[in-house]
Amino acid sequence: MATPASAERGAQAEHSVRGPVTDENFYFVMADRFENGDRANDLGGLPADPLVSGFDPTRKGFYNGGDLEGIRDRLDYVQGLGTTSIWLTPSFKNKAVQLEDGPSAGYHGYWITDFTQIDPHLGTNDDLAALVKDAHRRGMKVYFDIITNHTADVIGYSDAPRKSYTSKDLAPYTSHGVAFDDRDYAGGSSFPALDTSSFPYTPVLDPAERNLKVPAWLNDVTLYHNRGDTTFTGEDSQYGDFFGLDDLFTENPRVVDGMVDVYEKWIADFGIDGFRIDTMKHVNDEFWQSFGPRILQFAKKHGKRDFFMFGEVFDTTKSYTSHFTTTDKMQSVLDFPFQAAARQFASGGGPTDALATFFADDDWYTDADSNVYELPTFLGNHDMGRFGGFVVADNPGAGDAEWVRRDALGHELMYFSRGNPVVYYGDEQGFTGPGGDQDARQTLFASQVPEYLDDDLLGTDSTHAVANFDPRHPLYRTISSLAGVTARHPALRDGVQQSRLSSNGPGIYAFSRTDRSQQREYVVALNNSEAPATAAVPTYTTRQSYSRLYGSGPAKVSSGRDGKLTVSVPPLSTVVYALDGRVPRSGHAPAVSLAAPVAAQQGRVEVAASVGGSSLYEVSFEARVDGGGWTPIGTDDNAPYRVFHDVSPLRPGTPVEYRAVVLDNGNHTRASNTVRGRVPQPRLTIETPVEGGGVRGVVQVRAVADPEKASNVVSFERSVAGGQWTTVGRDDTSPAYTVFDDLGALNLAAGTSVRYRATLGGARSEVRTVRYAGPQQETAELRYYRPGGDYGQWGLHLWGDAVDPAVLAQVAWDKPWPLARVENGWAVYEIPLQDDTKPVNFIMHLPNGDAVPDTREPGGDRAFLPIDHPTVWIKQGDPTVYSAQPATP
């Protein structure tokens, strides 16, 4: 039952937070691929052999020659783009070459051996100091890309250089022979004593590399997880080595303190303005909860009041990405969800309702001291690929004019919407590339790499054979213009953003930006269709004049009696109009009411307010736990008005009350009702085995809990053939809870139904149903459909432990595994197996074909598990692997 808020001290009206960085224009630079300012450092002081020095300007996976001096030489070019902050890829000294990987070189900066020194291929510490000084003199900041998750691959194991991952459930850590769970100590000040026998594999160092890493504490092999290579899923996502890279034991306070010391020194000695943090999602929460506040406090003590950190959380789910800015106390994360939404809108021509929904979910980031306005936004990067490449792939055959226009539309959305736009070097010159990673790391100086010389550049007749620092390029001019408009009108960068208009198809998406102090409304309308469009956009005014600031159209338009502004937008274009005056002052605060709190994800509870009226409002939310004091939990400045309260530290069932107050633009306030709720039970999700899949022998049953807590104890039950539930085990080892169920002793018939479920306190998972598999599958089938029936030489590139080695010996990129027959219009590929419990990894392509969609199917590296689905289906142009035959035209 609700009680009136007036019965107690009223909720405090606050303004929506604007953090220290909400209006930066980032330029993301890979130093080795930008400009070669000093050829004397190309070899990094090492012998000329590329397999020693790592330098080979003809190979995309080696150092190509760029350096910090080259960036200094081109600061006019960088600043002319409207850049206010330069973000450098990791610039610390790297292991020059890892022979196991390609081989390839550490040009990218992610194989660090010395965290105190600039990589000699890029210059010296003095070169960095000079770059920072020159940038600061121009009013630009310098951000470092840093790594806390891993170092270069130096540690091997006693029986092999690299190993597959072994879970904590199979082989727990031990201290003096006693097993323990490291998560019980994470975030504390002590940790059990470890030696080389404490791990599932015995870590060893080559004698020549025992003191390779700097600082010296990094040479202690017990400060690493030592569990084998990650598969980037489940538990091993946080504990496994990235392709052999030594994964730091970030739960250990020695590692936390060591990393804090390393990065504090770069702030103190060089005046670095902020950090982009690599692989944040692969490090435990407790590390960030200590590292972030300590670094920020140190920076402020050293005069960096606006020091800013943002992490890489490679995920498009806001409930998950926001976890790191709320629960983990970090300032910001790279906006991967924005990248996906922007691509769908600008390149894919998707429904504009999707973009409206995307922005509405920004409330996931709102808490008492941060929100979405701090997030750096981007369109492409060095890992996933360039936006120009996405535009070409999404619109095959459209032609250069349309590709450039769609590329510009993506940048217009990025610059005019909330967040800090990031331009990936070369995007302003129309760089494309066929994919991510090395295929998206072209040089701006003249390249000698054959794969780069084949790339088409958008908006120009230039090629990668010459330097591309052209300020006349249409995309450079567009980005520079966008930066200029937003510099003159700051509300377009950090003003209140309110979605205004969208539809269930391509067309106009409109939103407004309003500065709280100036009270001037800006209306932004973007048209992602290929035809002109007109729309009546709601505003905060009636019968008021608006002036065009950007795009083409009438110089003046006016809002009508209904408060709508009619705008016409050319195809694949954007217009911006600004109110000639101020938003009318509200005469009184609107009514506000709270709905009952609703359990959400990641240990959060959704608290939503309904607000009457249609002016500029801010709603501040407060919570009271179990009758305690009222605490601010966030202020939302645009409808729908919501916060997602983090209740993960609280016990399930704990009473929590909520109230809110609305503040209008006339400084009037009105309080809401108070609503009561209780902390919900945790959510349990079974990850393996897969629903409907096959099992045999010993079955791994694994579950995860939301919210995750080191104190969780999860029990598992099994039901056979619809029979009663029987306990099969329990696990208290976070973050993945696992039991191993031996079904072999039950003598089950093939096809027998087996069900599993998990429980945690009063919470219970969904039921996972599998079938007992018969004997080992000797052959898997992949069926492939092309509407034209033109199968020709289309075949499978195959790899993985499932496939018969005799088959793998016959497969090469120029000789894919051929079809066996065509049956009912489908090409059938028979794949002999050696182990049906392991994945079959495949790529469908023509011999030597690597161009999507002409000679290679989309979807990248795909896979299926034969024991689950011995036959799978794929279709031309569709990345999905179907477990049942899909419909065809």
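Small disclaimer: the values here were computed from a predicted structure and weren't measured.
Taking a cutoff of 4.0 Å between a charged side-chain nitrogen and a carboxylate oxygen, K95 and D101 do not qualify as a salt bridge. Looking at D439 and K60, a side-chain N of the basic residue comes within less than 4.0 Å of a carboxylate O on the acidic one, giving a salt bridge. Looking at R856 and D850, a side-chain N of the basic residue comes within less than 4.0 Å of a carboxylate O on the acidic one, giving a salt bridge. Salt bridge absent: E691 and R771 never bring a charged side-chain N and a carboxylate O closer than 4.0 Å. Salt bridge annotation for K163-D241: absent, with no cationic side-chain nitrogen under 4.0 angstrom from a carboxylate oxygen.
Counting only N and O atoms by type, the side chains of E708 and Y737 include a donor and acceptor under 3.5 Å apart. Looking only at atom types and distance, the side chain of R755 has a donor-acceptor partner in the side chain of S719 under 3.5 Å away. Using modelled atom types and a 3.5 Å distance limit, the side chains of N284 and T250 yield a donor-acceptor pair. Q876 and Y784 share no donor-acceptor pair across their side chains, judged by distance under 3.5 Å alone. For the residue pair K213/T151, the side-chain donor-acceptor check at 3.5 Å is satisfied.
Between Y107 and Y63, the ring planes are perpendicular. Angles over 60° get that label, and only those under 30° would be called parallel. A perpendicular orientation is assigned to the rings of H464 and F431, their planes being inclined by more than 60° (bins at 30° and 60°).
Counting all heavy atoms, side chain and backbone alike, W111 lies closest to A152 at O-CB, 3.4 Å. Annotation for Y452 and R441: closest pair OH-O, 3.3 Å, computed over non-hydrogen atoms. Annotation for A96 and V52: closest pair CB-O, 3.5 Å, computed over non-hydrogen atoms. Here the closest non-hydrogen pair linking H150 and D278 is CE1-OD2, 3.6 Å. Taking every heavy atom of both residues into account, A105 and G54 meet most closely at CB-O, 3.5 Å. Nearest heavy-atom pair across E251 and R183 is OE2-NE, 3.5 Å.
Considering only residues two or more places apart in sequence or on other chains, D145 meets the side-chain hydrogen bond (donor to acceptor under 3.5 Å, both in side chains) condition with W87, Y110, R276. Listed by chain and number, the residues in a side-chain hydrogen bond (donor to acceptor under 3.5 Å, both in side chains) with Y882 are D878 (sequence neighbours excluded).
Rounding to the nearest 0.5 angstrom, the gap separating the OH atom in Y829 from the CG atom in L796 is 6.0 Å. In this structure, the separation between CD on Q777 and CG on D836 is 6.0 Å, given to the nearest 0.5 Å. For the atom pair CG (D315) and CZ (F336), the distance works out to 9.5 Å, reported to the nearest 0.5 Å. To the nearest 0.5 Å, atom OG1 of residue T769 and atom CZ of residue R757 are 11.5 Å apart.
Checking side-chain atoms of D437 against main-chain N and O of M384 turns up no donor-acceptor pair under 3.5 Å. Checking side-chain atoms of D32 against main-chain N and O of G65 turns up a donor-acceptor pair under 3.5 Å. Checking side-chain atoms of T230 against main-chain N and O of D236 turns up a donor-acceptor pair under 3.5 Å. Counting only distance, with no hydrogens or angles, the side chain of D229 and the backbone of G244 share a donor-acceptor pair below 3.5 Å. The backbone N or O of A851 lies less than 3.5 Å from a partner atom in the side chain of T855, making a donor-acceptor pair. In terms of modelled atom types and a separation under 3.5 Å, the side chain of Q339 and the main chain of G380 share no donor-acceptor contact. With E312 contributing its side chain and M280 its backbone, the two residues share no donor-acceptor pair below 3.5 Å. Under a 3.5 Å cut-off, the side chain of D246 and the backbone N or O of V154 do form a donor-acceptor pair. In terms of modelled atom types and a separation under 3.5 Å, the side chain of K281 and the main chain of T321 share no donor-acceptor contact. H108 places no side-chain N or O within 3.5 Å of a backbone atom of M30 that could act as its donor or acceptor partner.
For the pair P787 and T888, the minimum side-chain heavy-atom distance is 4.5 Å or more. Considering only heavy atoms from C-beta on, L865 stays 4.5 Å or farther from T837 through its side chain. Using a 4.5 Å heavy-atom cutoff, the side chains of I686 and E766 are in contact. Put simply, the side chain of T432 does not reach to within 4.5 Å of the side chain of R386, judged on heavy atoms. Two residues are said to be in side-chain contact when any heavy atoms from C-beta on lie closer than 4.5 Å; V822 and V828 fail this criterion. Residues R696 and Q776 are in side-chain contact: their nearest non-hydrogen atoms beyond the backbone lie under 4.5 Å apart. When side chains are defined from C-beta on, V770 counts as touching Y756, because their heavy atoms get closer than 4.5 Å. Residues F249 and F199 have side chains in contact (heavy-atom distance under 4.5 Å, counting atoms from C-beta outward).
Within the structure, side chain to side chain donor-acceptor pair (under 3.5 Å) contacts touching residues 787-812 (residues at least two apart or in different chains) are R786-D790.
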Check against salt bridge (charged side-chain N to carboxylate O under 4.0 Å, His left out), R862 and E857:
CA-CA 10 Å; R862 293 186 278 183; E857 284 291 345; 5.1 Å; no
Between E830 and R821, does a salt bridge (charged side-chain N to carboxylate O under 4.0 Å, His left out) hold up when you go through it step by step?
CA-CA 9 Å; E830 295 181 345; R821 62 188 182 278; 2.7 Å; yes
Worked check of salt bridge (charged side-chain N to carboxylate O under 4.0 Å, His left out) between D182 and K168:
CA-CA 10 Å; D182 57 290; K168 295 198 298 178; 2.9 Å; yes
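Among T727, D741, V739, V701, the single residue meeting the side chain to side chain contact (heavy atoms under 4.5 Å, CB included) criterion with R718 is D741. Partner of H225 under the ring-ring contact (aromatic ring centres under 6.0 Å, His included) criterion, chosen from F242, Y239, Y201: Y239.
The neighbour count for D742 CG, taken as heavy atoms of other residues, nucleotides or ligands under 6.0 Å away, is above 12.
Close placement of the F232 and F243 rings is indicated, their centers lying within 6.0 Å of each other.
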